[in-house]
Amino acid sequence: MVTLAKFLADSVWPQALEPRASERVRCESLERAVAAGGYVCRKGEPVEYWVGVIEGLVKISSVSPEGKAVTFTGVRAGGWFGEGSLLRPDPWRYDAVALRDSRVALVPRATFDWLLDSSIGFNRFLLGQLNERLAQFIAMVEYDRLLDPDARVARCLAALFNPRLYPGSSRELMISQEELGYLSGVSRQRVNQALQRLGEIRLLRVDYGKVTVLDLEGLKAFEG
DNA sequence: TCATTAAATTGTT
DNA sequence: AACAATTTAATGA
């Protein structure tokens, strides 16, 4: 099991910090275990932490007052989220729900603000991260309107395996086809068909509750 | 270790 | 949306 200290040491952004700064980050960060189905944060709560996923899978989603659910994206081990929310004075605009038993690293707002004020490397990392997300969401709007469900599932999976957002994570992802449906905006049945097709052409392999990416570039470029 | 059962997930209509 | 089939995890002999 990966410890908080090891997770921080292996993350990209602390490596850009001076020794004193990364020491402070190590001291002030917390770790929290969240059981499957549990909340990492909830819409409306004050934003107190920047969140890194040490282990597991967290989905960023929202539920309308009428009870309709939308899933925006999933965050895998190695990924960080909440920087956009920390940069605003507002409370969380979305829920973050653990899809499996997960562990997260929490960097307090004060530490985050201090890094923002003192480290160019940290700012550069954040800019890159925000840019990567922006690109991801623009691409989602584009392929939502242009591509068929098979391709939408393919690109959605490719996004989950983005090495810039989730460095060093494995080629495997434990996730049900139902959740993949929420993530890609496609029915569970359609996800099942898409996965079978993508499996036939060897872009990925499907097992019980698991998908393994065999050809990330192929998934990214898949158009049907 | 094996059999039984419930729960989760998948495959099909 | 409904249903059947399959896989996994938990339980107890």
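Order of the sequence lines sets the chain letters (A, B, ...), proteins ahead of strands, with each chain counted from 1.
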- When the distance from CE of A:Met174 to P of B:dA8 is rounded to whole Å, what number comes out? 15 Å
- Note on the structure: CG (A:Asn131) and CZ (A:Arg164) are apart, to the nearest 0.5 Å, by 9.0 Å
- Task: Nearest whole angstrom, please: distance from the P of B:dT9 to the CD of A:Gln196.
- Result: 18 Å
- Rounded to whole Å, CD1 of A:Ile175 lies from C1' of B:dA8 at a distance of 15 Å
- Only one of A:Phe125, A:Trp50, A:Trp80 forms a ring-ring contact (aromatic ring centres under 6.0 Å, His included) with A:Phe112, so which one is it? A:Trp50
- Query: Tell me: NZ of A:Lys210 to P of B:dT9, nearest whole Å?
  - Reply: 15 Å
- Message: What I want to find out is whether A:Arg152 reaches A:Asp150 closely enough, with some N-O distance under 4.0 Å, to be called a salt bridge.
- Response: no
- Would you mind listing every salt bridge (Lys or Arg N to Asp or Glu O under 4.0 Å) that reaches into residues 59-80 of chain A, with sequence neighbours excluded? A:Lys59-A:Glu179
- Starting from P on B:dA8, measure out to CG on A:Asn192 and report it in whole angstrom. 19 Å
- Sugar-phosphate atoms are those with a prime plus P, OP1 and OP2; base atoms are the rest. Using that split, label each nucleotide of nucleotides 3-10 of chain C B, S or - for protein heavy atoms under 4.0 Å, 5' to 3'. ----BS--
- Is the backbone of A:Val104 close enough, under 3.5 Å, to the side chain of A:Glu55 for a donor and an acceptor to pair up by distance? no
- Message: From CG of A:Leu195 over to C1' of B:dT12, roughly how many Å is that when rounded to an integer?
- Response: 15 Å
- Across the strands shown, which category fits A:Gln193 at heavy-atom distances under 4.0 angstrom: base, sugar-phosphate, nothing? nothing
- Query: Does the cation-pi check pass for A:Arg24 over A:Trp114, that is, NZ or CZ under 6.0 Å from the six-membered ring centre and within 45° of its axis?
  - Reply: yes
- Task: Rounded off to whole Å, could you give me the CD-to-P distance for the A:Glu200 and B:dG11 pair?
- Result: 12 Å
- Query: Is any side-chain N or O of A:Gln189 closer than 4.0 Å to OP1 or OP2 of C:dA2?
  - Reply: no
- A:Arg205 CZ - B:dT10 C1' separation (whole Å): 16 Å
